[in-house]
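Everything on this sheet refers to the single structure shown next.
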Amino acid sequence: MTKKTETKKKYRASFILNTRGYEDPVDTLIEKLKKEIGAVGGKVTNTENLGHKDFLRVTDKKHTGDFYIQIEYSGHGDCAPALRKNLKLDKTVKRILVQSQS
């Protein structure tokens with residue numbers, strides 16, 4: 001009997017966080033995102049807080065920008081769709097972009 005080994009891929013996930021009305025530091029949201037990645041079977045390798053940036057297209061004049069975060073991680077093929085699904089209803093995550101880094 002042969003043991004099936006699943007290859008892990010490298011990913012870069014970019015997040016725009018919605019911090020409107022959020023009182024805690026942004027680092028707590030970053031830790032929450034890391035835990036979500038771990039929950040879907042990913043292993044975080046690098047985290048980069050790109051800071052607060054203004055939006056190119058402003059839809060609300062009272063909210064012109066937010067925090068951008070990039071997290072690099074490795075995981076199996078189901079990791080990226082599972083992460084998107086888990087964070088879809090999270091109010092603190094405005095946008096998610098997951099790119100494969102093969």
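- Lys8 approaches Gly41 most closely through the heavy-atom pair NZ-O, 4.4 Å.
- For Cys79 against Gly75, the heavy-atom pair with the smallest separation is SG-CA, 4.2 Å.
- Atom OG1 of Thr92 is separated from atom CD1 of Ile16 by 13.0 Å, given to the nearest 0.5 angstrom.
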Check against side-chain contact (heavy atoms from CB on, under 4.5 Å), Val98 and Tyr73: CA-CA 10 Å; Val98 180; Tyr73 68 95; 3.7 Å; yes

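- Glu36 and Asn86 get closest at one heavy-atom pair: OE1-CB, 3.5 Å.
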Stepwise side-chain contact (heavy atoms from CB on, under 4.5 Å) test for Asp27 and Ile30: CA-CA 5 Å; Asp27 292 335; Ile30 294 171; 3.9 Å; yes

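- One finds the OH atom of Tyr11 at 13.5 Å from the CD atom of Glu72 (value rounded to the nearest 0.5 Å).
- Distance NZ/Lys9 to OG/Ser74: 12.5 Å, rounded to 0.5 Å.
- Taking the six-membered ring for Trp and thresholds of 30 and 60 degrees, Phe55 and Tyr68 have ring planes inclined between 30 and 60 degrees apart.
- A 4.5 Å side-chain heavy-atom check between Glu48 and Leu50 finds at least one atom pair inside the cut-off.
- Put simply, the side chain of Asp66 gets close to the backbone of Thr19: a donor and an acceptor are under 3.5 Å apart.
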Evaluation steps, side-chain contact (heavy atoms from CB on, under 4.5 Å), between Thr45 and Lys10: CA-CA 9 Å; Thr45 56; Lys10 293 182 181 180; over 6 Å; no

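- Among Asp24, Asp90, Val93, the one residue that satisfies the side chain to side chain contact (heavy atoms under 4.5 Å, CB included) test with Lys32 is Asp90.
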From CA spacing to verdict: side-chain contact (heavy atoms from CB on, under 4.5 Å), Leu87, Leu33: CA-CA 9 Å; Leu87 294 176; Leu33 292 173; 3.9 Å; yes

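- The backbone N or O of Asp54 sits nowhere less than 3.5 Å from a side-chain atom of Thr64 that would complete a donor-acceptor pair.
- Minimum interatomic distance between Ile37 and Lys43 (heavy atoms only, all atoms of both residues): CG2-N, 4.5 Å.
- Between atom CD of residue Gln70 and atom CZ of residue Phe15 there is a gap of 10.0 Å, rounded to the nearest 0.5 Å.
- To the nearest 0.5 angstrom, Leu29 atom CG is 5.5 Å from Leu17 atom CG.
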